Amino acid sequence: MAFTFEMLLTLSLMIFAIIGYSTRKFPIDAVSISVLGLLFLIFEIYPVDGISFDDFIAGFSNHGLLTVMALLVVAQGVYSTGILNTFVDNIMHLNRDLQTSKSTMLILLLLIVALFSSVMNNTPIIIIFIPLVSIIAEKMNLSISKALIPLSYSGILGGMTTLVGSSTNIIGAEVAKELGVNGINFFSVTIPGLAIAIPGIIFVIFILPKLMPKRNKTSTSLSSDQNKFIAQIEIDAESDLIGQQSISGKFEALPEMQILQIQRGEHSISAYQSTKIQKDDIIVVSADRKIIEVALIKYGEQLHPTLSDTDPFNFGEQDKNINTGEQILAEILVSPDSRMAGRDLEESRFRKLTNCIVLGIKRSSRIYREQITDIVLEAGDVLLIQGSKNSISNLKDYPEVLLLDHTSTILPRKKFARRSLAIFLFTVITIATGIIPSVAAAMIGASAMLASRVLSAERAINSLNRHVFLTIVSMLALSHAIEATGLAEYGAFSMLNNIPESNPALILSILFLTVSIMTNFLTNNASAALFMPLGISLATSLNVDIVPFVITIILAANCSFATPYGYQTNLLVMAAGDYKFKHFIKGGIPLTIICWLAFTLFAPWYYNLY
């Protein structure tokens, strides 16, 4: 088979894309747009039969891409209501009841991450579990750096087991469909995916932590008192804390909070007395921000300090609406010249003037053991506040405080949890059963998240990852060029000529290893789109079933273990665990080899290729 000039141009573009994505010298978006622009330019100057302008822009309306984007919105809807937080909290409570070891708990959490990742995007899952695994690691005296890379790898391995577990799976199946391969459904990757995931997760749980570095705690650890806020919980008639008993300054329901005192009417009760909580008690606590945020999700307005009803300036109607809409948690600094200094929260009228609620106060000089409503503010105090997006944004123009922008996070909208869960289950079940096309089910699910007010339009748009979008579009276009110019067929022809006996099982193994190496330098989605034409051409040349080769490309493209850049969750844990590039190589290469060997031994038998 002759190597043509059109093949050379396409190969040059393919090499350009690989270098651009792998070196990281240029933004991913710039590389993607450049690939698209060069495709338009080259094949306008050198026209090729079977390639048109419409073929290159078809990626923008590709069903797989639309499905991925819609599922990102659905996953964001589930994440935004705190369902996973509630589930994890129940698991932690069960763990306390059963009194399991902390190592057993860590193993359970990694398995839960893999399970969740099989049916939804794993990025929000990893975001939720990073702080939780950090707490477990601290309790079991395990360095956090021994737990977070295993967390990311568990999410990746779990995502291999269903079609919607990873955007890579969806894109790979859609590219194969456009190239004439049908029959890839929700469970097509499940059995071979499990054959990889099971030995992989065993390695991740029992061996990988031993390969990871040990990071000692620093003096600036979040556990120090100077980094904790003073907050208070006001017990209402329906509170789950009624009847709880304080033991050595702790409650079983609030294990991460230090109880400073219990205020009952005019009496202050020491937290170290064995006291059962009653209605209308006020519990003054010390905790870091993340723990207060978790408590806020669970106990809601019980963490809102009650201020006087006196309202001479008639702000009452504004105060009633203070909890409406999407809520933001942020930190502010009392400015040096602030008129709030020397006054308590009520005297400063902060809530009335800004429509924001102060949940906690942090002061480095000392720890107060009194209600935050009684603490006289000082310049330099840090206040933990809750408010709507507009209220928080308006603080930039409020001269009394300085808004710490980087501290703003959106609070889960717990009241919409059941809606989001129902929509999520509908989406997954309809895709799994094939009642309606996957793209239709995903689009309906995304629309339902917006229509039911689970997500705001802005938050839904923000959940759409433009890097994923542009990478997929450009790689779909390049994939079409690879197929149409005959480069894929030429690659398959060359590969078969250099392998003795052209054994399908051997070729499948080599193909998996090649893609699993390249996906660590490209992105996982780019790898699936780029190598799919080659896999299909190999199967056609061997005159064997195409489906095993499609599944091989999909699963191998997920094996982004050896670098932090190949998969988004690796980047998330890289900063949190203070990892270096070498740590991903140290853990990722053995895991990639395990996945390759497991697939090499299982797939030929499963697909009857011997």
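The first residue in the sequence is number 1, and the count goes up from there. Model, not experiment: these values are computed from the prediction.
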J.: side-chain contact (heavy atoms from CB on, under 4.5 Å), that's the test. Do Val68 and Ile171 meet it? Break it down for me.
T.: CA-CA 8 Å; Val68 169; Ile171 292 304; 4.1 Å; yes
J.: Would you check if there is a donor-acceptor pair between the side chains of Asn390 and Ser393 at a distance under 3.5 Å?
T.: no
J.: Any side-chain heavy atom of Pro192 sitting closer than 4.5 Å to one from Tyr607?
T.: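 They are in contact (side-chain heavy atoms under 4.5 Å apart), so the answer is yes.
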J.: Has the side chain of Ser463 got a donor or acceptor atom that lies under 3.5 Å from a matching backbone atom of Ala460?
T.: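 Yes; judged by distance alone, with no hydrogens or angles, the pair exists.
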J.: Checking Thr161 side chain against Ser118 main chain: does a donor-acceptor pair fall under 3.5 Å?
T.: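 Between the backbone of Ser118 and the side chain of Thr161 there is no qualifying donor-acceptor contact (under 3.5 Å).
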J.: Do Ser420 and Thr81 pair up side chain to side chain, a donor and an acceptor below 3.5 Å, judged on atom types alone?
T.: yes
J.: Considering non-hydrogen atoms only, spot the tightest contact between Leu163 and Ala173 and give its length.
T.: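 Answer, listing the atom of Leu163 first, then Ala173: CD1-CB, 3.8 Å.
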J.: List the atom pairs, donor and acceptor, that lie under 3.5 Å between side-chain atoms in residues 193-204 and the rest of the protein, sequence neighbours left out.
T.:
none

J.: Begin with the C-alpha distance, continue with both residues' side-chain angles, and end with the deciding distance and a verdict on side-chain contact (heavy atoms from CB on, under 4.5 Å) for His63 and Ile170.
T.: CA-CA 9 Å; His63 285 188; Ile170 298 172; over 6 Å; no
J.: Would a distance-only check, ignoring hydrogens and angles, find a side-chain to backbone donor-acceptor pair under 3.5 Å from Ser560 to Asn520?
T.: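 Judged by distance alone, no pair lies under 3.5 Å.
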J.: Is there a donor-acceptor pair under 3.5 Å between the side chain of Tyr579 and the backbone N or O of Ile149?
T.: yes
J.: Near Met574 CE, under 6.0 Å, is it more than 12 heavy atoms from other residues, nucleotides or ligands?
T.: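 Yes - once you tally the heavy atoms of other residues, nucleotides and ligands closer than 6.0 Å, there are more than 12.
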J.: Verify whether one side chain among Tyr21 and Ser32 offers a donor that lies under 3.5 Å from an acceptor in the other.
T.: yes
J.: Is a side-chain donor-acceptor pair under 3.5 Å present for Asn524 with Thr519?
T.: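 Judged by distance alone, the side chains do not pair up.
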J.: Run through Leu36, Leu39, Val31, Leu38 and flag the one making a side chain to side chain contact (heavy atoms under 4.5 Å, CB included) with Ser474.
T.: Leu36
J.: Do Phe53 and Phe43 have side chains that get closer than 4.5 Å, going by heavy atoms?
T.: no
J.: Atom CD of Gln568 and atom OG1 of Thr523: how far apart are they, to the nearest 0.5 Å?
T.: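 Taking CD in Gln568 and OG1 in Thr523, the distance rounds to 10.5 Å.
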J.: Answer yes or no: does atom OH of Tyr46 have more than 12 heavy-atom neighbours from other residues, nucleotides or ligands under 6.0 Å?
T.: no
J.: Report the distance from atom CG of Leu601 to atom CH2 of Trp596, rounding to the nearest 0.5 Å.
T.: 9.5 Å
J.: Do the side chain of Asn570 and the main chain of Thr563 share a donor and acceptor less than 3.5 angstrom apart?
T.: yes
J.: Is the shortest side-chain heavy-atom distance between Leu65 and Val473 below 4.5 Å?
T.: yes
J.: Using only atom types and a distance under 3.5 Å, with no angle test, would you say the side chain of Arg453 pairs donor to acceptor with the backbone of Phe416?
T.: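 No; judged by distance alone, with no hydrogens or angles, the pair does not exist.
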J.: May I ask you to test the Cys559-Leu555 pair for a side-chain heavy-atom distance under 4.5 Å?
T.: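 Result no, sub-4.5 Å side-chain heavy-atom pair not found.
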J.: Answer yes or no: does atom CG of Asn182 have more than 12 heavy-atom neighbours from other residues, nucleotides or ligands under 6.0 Å?
T.: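 More than 12 heavy atoms, drawn from other residues, nucleotides or ligands, come within 6.0 Å of this atom.
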J.: Look at the aromatic rings of His480 and Phe56 and report parallel, tilted or perpendicular, splitting at 30° and 60°.
T.: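 Correct class here is perpendicular.
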J.: Give a yes or no answer on whether the side chain of Ser188 reaches the backbone of Asn185 with a donor-acceptor pair at less than 3.5 Å.
T.: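 Answer holds: yes.
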J.: In this structure, which one of Ile554, Ile536, Leu511 forms a side chain to side chain contact (heavy atoms under 4.5 Å, CB included) with Phe549?
T.: Leu511
J.: Can you confirm whether Lys389 is buried at NZ, in the sense that more than 12 heavy atoms of other residues, nucleotides or ligands lie under 6.0 Å from that atom?
T.: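 12 or below, so no.
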J.: Using the rule side-chain hydrogen bond (donor to acceptor under 3.5 Å, both in side chains), only one of Asn525, Thr471, Asn465 pairs with Ser167; which is it?
T.: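 Result for side-chain hydrogen bond (donor to acceptor under 3.5 Å, both in side chains) with Ser167: Asn525.
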